[in-house]
Trainee: 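Before anything else, here's the structure in question.
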Amino acid sequence: MPGDKQEQGSSRRRVDAVRNEQALLGAAAATFAAHGVDAPVRAIAARAGMGIGTVYRHFPTRADLVIAVYRHQVDSCAEAGPVLLASAGSPHAALKQWVDLFVDFLVTKHGLAEALQSDSARFETLHAYFLDRMVPACAALLEAAVREDEAPADVTAYSLLRGIGNLCIGADSQYDARRLVDLLVMGLRQQDAT
């Protein structure tokens with residue numbers, strides 16, 4: 001039937017569009033991490049193996065692309081929590097692996113946040129989105145670690161995320177933020193002696 005062919009063609013175009021968008025988001029995130037959010041769009045298109053027109057068809061402005069990358073990275077990190085919890089040897093190991101992903105996210109996030117500071121309304125919306133996705137993801141991992149006596153019950157997900165974020169600010173060749181974050185996460189296993 002002719003209608004079925006049209007539906008199949010339309011469905012195929014939607015699948016291709018989603019695949020292209022995902023490839024662009026990955027390429028943009030990698031390019032932003034390597035060269036900052038002001039990297040040329042042509043570099044992002046080349047990394048994705050697409051033309052510049054495809055980038056602008058999906059993301060008409062740089063701000064649209066920056067916001068999409070930010071949201072995509074937040075979603076990827078948040079969605080990794082349950083997967084890691086199901087596959088790691090212990091809740092603490094899952095939490096450690098998730099924190100590593102979170103630190104990787106923060107490297108790009110700081111640059112993205114700076115790029116969006118001029119548009120405070122959009123930035124505030126993204127910050128709320130970040131909290132809505134990341135705090136519950138971290139809380140689920142932390143609660144599982146508490147149930148197994150691998151973390152103290154008085155540490156909240158929000159305070160842990162804030163602590164990690166603060167440790168990651170201003171990292172340079174003289175300051176190994178990842179090492180300090182590792183020490184923080186290892187410290188969760190230490191039970192309060194009092």
Side-chain angles (χ1 to χ4, degrees), residues 25-39 43-44 47 65-85 87-118 120 122-146 150-192:
L25 291 173
T31 303
F32 291 165
H35 306 289
V37 294
D38 293 326
I44 295 166
R47 182 170 269 188
L65 179 59
V66 169
I67 289 167
V69 167
Y70 184 95
R71 290 176 68 96
H72 177 70
Q73 289 187 316
V74 166
D75 290 341
S76 294
C77 190
E79 291 164 5
V83 174
L84 292 171
L85 196 53
S87 64
S90 72
H92 187 270
L95 179 62
K96 167 71 175 88
Q97 291 171 8
W98 187 83
V99 166
D100 287 343
L101 293 174
F102 181 63
V103 170
D104 291 341
F105 163 76
L106 289 177
V107 170
T108 303
K109 176 199 172 280
H110 288 303
L112 298 177
E114 288 172 19
L116 293 171
Q117 287 291 359
S118 61
S120 61
R122 278 181 131 175
F123 181 73
E124 288 171 15
T125 301
L126 284 179
H127 184 67
Y129 185 78
F130 167 83
L131 292 175
D132 289 347
R133 297 286 283 144
M134 292 298 202
V135 171
C138 183
L141 290 160
L142 199 51
E143 289 165 8
V146 167
E150 296 178 338
D154 63 343
V155 175
T156 68
Y158 180 79
S159 63
L160 181 60
L161 292 175
R162 277 298 293 264
I164 293 166
N166 288 338
L167 289 172
C168 290
I169 293 172
D172 59 32
S173 62
Q174 300 292 314
Y175 174 70
D176 186 358
R178 189 173 294 279
R179 173 70 178 132
L180 291 176
V181 170
D182 285 345
L183 290 171
L184 174 65
V185 174
M186 285 187 332
L188 291 173
R189 289 191 73 120
Q190 305 302 315
Q191 296 300 310
D192 189 0

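Both backbone and side-chain heavy atoms feed into the values below; hydrogens, waters and symmetry mates do not. Predicted model only: the values in this text are computed from it and were never measured.
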Trainee: What's the verdict on side chain to side chain contact (heavy atoms under 4.5 Å, CB included) for Leu188 and Leu160, showing C-alpha distance, side-chain angles and the deciding distance?
Mentor: CA-CA 10 Å; Leu188 291 173; Leu160 181 60; 4.1 Å; yes

Trainee: Going from CD1 on Ile169 to CG on Asn166, what distance comes out if it is rounded to the nearest 0.5 angstrom?
Mentor: 5.0 Å

Trainee: On a heavy-atom basis, which atom in Thr31 and which in Ala39 lie closest, and how many Å separate them?
Mentor: CG2-CB, 3.5 Å

Trainee: Distance-only, no hydrogens or angles: does the Tyr158 side chain make a donor-acceptor pair with backbone N or O of Leu131 under 3.5 Å?
Mentor: no

Trainee: Is the shortest heavy-atom distance from the side chain of Leu65 to the side chain of Ile44 under 4.5 Å?
Mentor: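 SC-SC contact between Leu65 and Ile44 confirmed.
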
Trainee: For the residue pair Ala177 and Cys168, what are the closest heavy atoms and their distance?
Mentor: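 So the two residues come closest at CB-CA, 3.9 Å.
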
Trainee: Over 60° means perpendicular and under 30° means parallel, so classify the ring planes of Phe105 and Phe130, tilted if in between.
Mentor: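 Parallel: the ring planes of Phe130 and Phe105 meet at under 30°.
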
Trainee: Let me confirm one number: the CG-CG distance from Leu101 to Leu84, rounded to the nearest 0.5 Å.
Mentor: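 The CG atom of Leu101 sits 6.0 Å away from the CG atom of Leu84.
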
Trainee: For a quick test of reading the model, state the closest non-hydrogen atom pair linking Val69 to Phe32 and the distance between them.
Mentor: CG2-CE1, 4.0 Å

Trainee: Of all heavy-atom pairs between Leu142 and Ala157, which one has the smallest distance, and what is that distance?
Mentor: CD2-N, 3.7 Å

Trainee: Using a 3.5 Å distance criterion without hydrogens, assess whether the side chain of Arg189 forms a donor-acceptor pair with backbone atoms of His92.
Mentor: no

Trainee: Which heavy atom of Trp98 sits nearest a heavy atom of Ala137, and at what distance?
Mentor: CZ2-CB, 4.0 Å

Trainee: Is Arg178 salt-bridged to Asp182, cutoff N-O under 4.0 Å?
Mentor: no

Trainee: Can you give me the closest heavy-atom contact between Ala94 and Leu141, atom names plus distance?
Mentor: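 In this case the closest contact between Ala94 and Leu141 is CB-CD2, 3.9 Å.
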
Trainee: Once you round to the nearest 0.5 Å, how far does CZ of Arg133 lie from CD of Glu79?
Mentor: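 Between Arg133 CZ and Glu79 CD, I get 5.0 Å after rounding to 0.5 Å.
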
Trainee: If you round to the nearest 0.5 Å, how far is SG of Cys138 from CD1 of Ile164?
Mentor: 6.0 Å

Trainee: Which distance, rounded to the nearest 0.5 Å, do you find between the CE of Met134 and the CD of Gln73?
Mentor: 8.5 Å

Trainee: Got a second to check how far Leu95's CG is from Glu143's CD, nearest 0.5 Å?
Mentor: 11.5 Å

Trainee: With salt bridge (Lys or Arg N to Asp or Glu O under 4.0 Å) as the criterion, how do Lys96 and Asp100 come out once you've worked through the C-alpha distance, each side chain's angles and the decisive distance to 0.1 Å?
Mentor: CA-CA 6 Å; Lys96 167 71 175 88; Asp100 287 343; 2.7 Å; yes

